[in-house]
There are 2 protein chains.
Amino acid sequence: MPRPRKPKTQRAATLADVGRAAGVSAMAASAVLNSVKTSSRISEETRQRILEAAAKLQYRPNAAARALLHRRMNTIGIAAILDENELNHYFLALFNGVLAGATHFEQNTTVFALHDWSNDTRRLDSVCDGRIDGLIMFAPTYDAAVAKTLPKHTPFVTIHANTPLEGTVNIESDEEAGANAMVEHLIAKGHRRIMHIAGPKGFVGADRRVAGYRKALRAHHIKFDPALLVHSQFIDFHGYRAMKTWLEENAGQPLPHAVFCANDGMAIGAMQALAESGLRVPEDVSVCGFDDTLASRASVPQLTTVRQPLVEMGRKAAEILLAQIGTLKDVQVPASPVVMPVEVVERASVGRCPAGDRVVPALARV
Amino acid sequence: MPRPRKPKTQRAATLADVGRAAGVSAMAASAVLNSVKTSSRISEETRQRILEAAAKLQYRPNAAARALLHRRMNTIGIAAILDENELNHYFLALFNGVLAGATHFEQNTTVFALHDWSNDTRRLDSVCDGRIDGLIMFAPTYDAAVAKTLPKHTPFVTIHANTPLEGTVNIESDEEAGANAMVEHLIAKGHRRIMHIAGPKGFVGADRRVAGYRKALRAHHIKFDPALLVHSQFIDFHGYRAMKTWLEENAGQPLPHAVFCANDGMAIGAMQALAESGLRVPEDVSVCGFDDTLASRASVPQLTTVRQPLVEMGRKAAEILLAQIGTLKDVQVPASPVVMPVEVVERASVGRCPAGDRVVPALARV
DNA sequence: CTGAAAGCGCTTACAG
DNA sequence: CTGAAAGCGCTTACAG
C-alpha cells in the first residue's frame, strides 16, 4: 500500500536560493528569470546556470510577495448563494462564464459560498483584504443600507442584483421581454389557459416575468385569472410542490393548456408533478421554463425555454470588473445596467394545444 | 442613468494609516486590532480611538502581507477539466463538497479550469507559487512521467485519479461493486438482456464499471454478449449518440430489456435517444445511470442510479489536504487510496422487465 | 553597467 | 511594559 506524502512539505525555493545555487545575487537571478533587458549584460553561461538552478529547485516567484508589491493578486472573487443540496445550474452557467473570462486574461477565480446575503456581509467584507482584486456578486439581494457598508477599496460587479448597488455596474437581461415572448409563443401554439408558476413576490426577476406574462395575455385579450398565477421559489423542488399542490387543490377544474415556469428547474419540478398525475408533456399539458440552463437539455422531453446568455453574462462581468480594476486598459466600463438580449428556444416540452377541454384528474397516480 | 463607479478605486488603508488617524504607531494599532495580550497596556480610550479609525478607514489586514509572513494563503486550489459547453454535474457535486469543507475551516477556494491534463501541466505548475497552499485535482489523467514534474513544495490530493500519483492520497469509490450491485438489481427485476454503455476504454472508472457489469452477468449465468457493450464517453451527448447509433444499427434485432449507462448524463442522453424511437422508459426499456448527481433527479422519469458520495468525497479531499498543509493539526493523513462506499438508489427509470420479447423499431420517430 | 538598498504591509522578537 | 528594528520574498529606483 503506497504511503501518503509526508505532511511536512519542503519549503519552496526563493530567489536567494536560486542565486546561491548559481553563485550569483538574488537580484541577478531575478533579472534573468524576468528576462529584463539589463540581463543582456549577464553572460550567456551565467544565464544558463541561473535557469538550470531555478528549474532544479522548482523555483516560482512567490505570489504573495509579488502581490504585496503590485497591490494585485490577479484573482477575482465570486460571491454566490450556494447550497450543496440544491440544483444550481444558474450558478454553474454564470460561473463557467466568469471562469472563462478570467482565465482568458490570466486571472484566477476564487469562489465564496454564502448562505444568506444579509447575514454573510461580514464574511464578504473580510475577504476584501487584498486576496482578490475585485468581486462579482451573483444575484445579490442586499438592501441599499447594507450595501453602503461594503468596502470602498474593492471594485464590484453584480449580475441580476435585486436592488442596484450605487456606483456598481449591474448585468441583467431583458426578462420582461423574454417572458412576454414565451407567452406569445404559447398563444401562437393555440394555448389560452396559461398558468404561471412565478418566483417569490418582490424579487425583480420574478416580478418582471410576471409582467411579461400579463402583458402577453393582455395583448391577446385573455382575461388574467389569479387562480392561474402561483408564487413559488426559484428551486426545482418548489416548482414540483407548487404544481403538485395546485393539482390537488384544483381537482375537477379545467386543466391548464400550458404552464410557464419562472425558471428551468421549476419547470422540471412541475413536469414531475404532472407525470405523477398521469399527465403527459406536451401531449396533455405544455410546459416551459426560463434561463436555458443545462437542465433544460437534461430533461426528457427537453425543455422549451427563454434563453438568457448566462455564460456570456458571466464572461462580460469578468471583463467589466477587470476593466475597473485596471487590468484591462483598453476596455471601457459601461453604464449600468448592462441589459443582455433574450430569446425563446423551442424544444420538445411545448406542443400545439390539444383539442377539447380537459379536467384536472382527481387522484394522483403516484 | 446611474454613472458607473470610477475605474480608479481608492487605495486600501494600511496599519500605518490607522495608526496615523488614531495618533499611535502602526504597531500599537496592530496589537489592538489583533487583540494581543500586550494591548492590555494600551488605555481603553486609545483602544477605542484605534478601533474607530480602523472602522472608518475600512481597514483590513492585507492578505498578501500576511501570506508572506505566514507562508500560507489560507486558500486551496481545485484543478478540473471544465468545458463551458458541457453538462458537468460531477464537477458541481465535488466542487460543492470541497467548498463546504474549505469554508468550514475558514479557507478559500480557487478554481483552475483546464482543457487538458497533459497540455495544461505548465499552467498548474505556475499556480503552485504560494497563491494556494495545496491543490485538489478532479479526475486527473496524468501519466506517471508528467506527474514527476509537479512541484514538490505544494501538497496535492486527487479524486478519481486515473493513475495514482506517487505520495499523493487518492480518493475514489468502489465502482466495481457499485456497477455489480446495479446490474444485480436489474437482474432481480427480471432483466436478462442488459446493455452497457461504458466510458472510454483504458480509464479505470470505465473499466471498473465494465468489470462489475460482467461479474453480475457471470454470477447469473447470463452469457456476455459483445454486441451489448458499447464504449462511449462520460458526456450526455455521447450517451445519446451511442444509444442512437446502436438503435439504428440494430433495427429488427431484439430490444435490450435494460440499459446500464456508465454515468447519469449518458443515461439521460440514452433516454432521449430511446424517446426519439418512440420507446418509453421504463415501460419498454429500463435505463439506469451511475453517480447520483443532481441530473438524476432532474430527469423525467427520475433516474435509478448508483450513488457515489461525491459531495462527501469533495469534503474529505479538502480535509485531507488541509491536514497535509498543516492547517488541521488533529486530522491524520490516511493511506491512499481512500475508498468510499456506493449504493444503488432506486427511482423511476427502472421497472420490472416487460413480458414478451420486443424488437428494435425500424424507423426513428424523431 | 552593476550591486546594495529601499520598500510593499504586516507581525514577531528583541532591545530599551 | 513599550517602541524601534528585522524580516517574509520580491522588484524598482538609485548610488557607485
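Bear in mind the structure is a predicted one, so any value in this text is a computation, not a measurement. Numbered from 1 within each chain, the chains take letters A, B, ... in sequence-line order.
Ion pairing of B:Asp125 with B:Arg122 is absent here, as no side-chain N (NZ or NE/NH1/NH2) approaches a carboxylate O to less than 4.0 Å. Between B:Glu44 and B:Arg47, at least one side-chain nitrogen of the basic residue sits less than 4.0 Å from a carboxylate oxygen of the acidic one, meeting the salt-bridge criterion. Ion pairing of B:Glu52 with B:Arg49 is absent here, as no side-chain N (NZ or NE/NH1/NH2) approaches a carboxylate O to less than 4.0 Å.
Proximity of A:Arg66 to the phosphate of D:dG9: no side-chain N or O atom is located under 4.0 Å from OP1 or OP2. Between A:Arg71 and C:dC8 there is no side-chain polar atom (N or O) within less than 4.0 angstrom of OP1 or OP2. Put simply, B:Asn34 has a side-chain N or O that comes within less than 4.0 Å of OP1 or OP2 on C:dT11. Of the side-chain N and O atoms in A:Ser30, one or more sit less than 4.0 angstrom from OP1 or OP2 of D:dT11. The phosphate of D:dG9 has OP1 or OP2 within less than 4.0 Å of a side-chain N or O from A:Arg11.
With a 3.5 Å ceiling on both atom-pair distances, C:dA4 lacks any Watson-Crick or G-U wobble partner. Pair assignment for C:dA13 gives none, since no Watson-Crick or G-U wobble pairing has each distance under 3.5 Å.
A donor-acceptor contact shorter than 3.5 Å is absent between the side chain of A:Ser30 and the backbone of A:Ala26.
In this structure, A:Thr14 reaches the sugar-phosphate backbone alone: every heavy-atom distance under 4.0 Å involves primed, P, OP1 or OP2 atoms, never a base.
Note: CG (A:Leu57) to P (D:dC10) measures 12 Å, nearest angstrom.
In the set D:dG9, C:dG3, D:dG3, the nucleotide with an atom closest to the side chain of B:Met27 is D:dG3.
Remark on DNA chain D: of its neighbouring residues A:Ala64 and A:His70, the 5'-side contact belongs to A:Ala64, judged by nearest-heavy-atom nucleotide.
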